[in-house]
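Report on the structure given below.
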Amino acid sequence: MRLRIARVADAGAVARVHHTTWVTAYGELLPAEFWETHTLAERTRGWQRSLMRGLAPTLAEVDGKAVGFAHASRARAQHRVEPVRETQLWMLYVLDDHHGTGVGQALLDAVVPPGTPCQLWVAEDNPRARRFYERNGFTVEGARITDDSFANITELRMVR
């Protein structure tokens, strides 16, 4: 496994991981209409724009193929809920066939070193992700939001 900062040329690979993991994690939780606009092509265009503007997620590759990525930066208010930590983990996605291989742990440690105070939002109905974060010292803090831009999925804030 190799970790590196994603570049604009990686937009398609990052988008593929992002889209595939969302379909796997949220496919049954989201209505069919959601996927009509949240296509791989649209996700690729979004990543091209984000990477061109300077977003620099950490990309995990195995045998030259993107299998996950993560990004953390300064926390900010979401849905009028003020942050309780300076740093927020915004994204951590790993393809299913690479779960349990250490990719997710390596990505988390790369963007939020162990013991670093941090916050994140996780879907309430994603017990696998919640267990992963709990193993890394995060606890559910009490704040919760319902994300109307994400098909009204309820998210819980976890902190370390």
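Side-chain atoms are counted along with the backbone in the values below, which use heavy atoms only and exclude waters and symmetry mates.
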Applying side-chain hydrogen bond (donor to acceptor under 3.5 Å, both in side chains), can you list everything that pairs with [X], at least two apart in sequence or on another chain?
X	result
R7	none
R128	D96, H99
N126	none
E86	none

Can you check whether [X] reaches [Y] side chain to side chain, under 4.5 Å on heavy atoms?
X	Y	result
V94	V67	no
H71	V111	no
L3	L59	no

Item to check | CA sep, side-chain torsions, deciding dist, call: R16, L95, side chain to side chain contact (heavy atoms under 4.5 Å, CB included) | outcome: CA-CA 10 Å; R16 181 184 56 78; L95 294 174; 3.6 Å; yes

Item to check | Stacked cation flag R43 on W22, 6.0 angstrom / 45 deg | outcome: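 Relative to the ring axis of W22, which defines the angle, R43 lies inside both limits.
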
Next on the checklist: Taking ring pair (Phe, Tyr, Trp, His ring centres under 6.0 Å) as the cut-off, I'd like each qualifying pair that reaches into residues 109-134, sequence neighbours left out, listed once.
Outcome noted: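 Listed once each, the pairs are Y133-F138.
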
Item to check | Check ion pair R131-E134 (N to O, under 4.0 angstrom) | outcome: no

Checklist entry - Ion pair present between R130 and E155, side-chain N to carboxylate O less than 4.0 angstrom? => result no

Next on the checklist: Are there over 12 heavy-atom neighbours, none belonging to D97, within less than 6.0 Å of that residue's CG?
Outcome noted: yes

Next on the checklist: Parallel, tilted or perpendicular: which one describes the rings of H38 and W35, with boundaries at 30° and 60°?
Outcome noted: perpendicular

Next on the checklist: Consider side-chain contact (heavy atoms from CB on, under 4.5 Å). Of N136, V112, V159, which one does C118 pass it with?
Outcome noted: V112

Next on the checklist: As a test of understanding, state which of R74, R157, Q78 forms a side chain to side chain donor-acceptor pair (under 3.5 Å) with Q88.
Outcome noted: Q78

Checklist entry - With R2, which residues qualify under salt bridge (charged side-chain N to carboxylate O under 4.0 Å, His left out), at least two apart? => result E61

Checklist entry - Can you tell me how far the OG1 atom of T58 sits from the CD1 atom of I5, to the nearest 0.5 Å? => result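 T58 OG1 to I5 CD1: 4.0 Å, rounded to 0.5 Å.
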
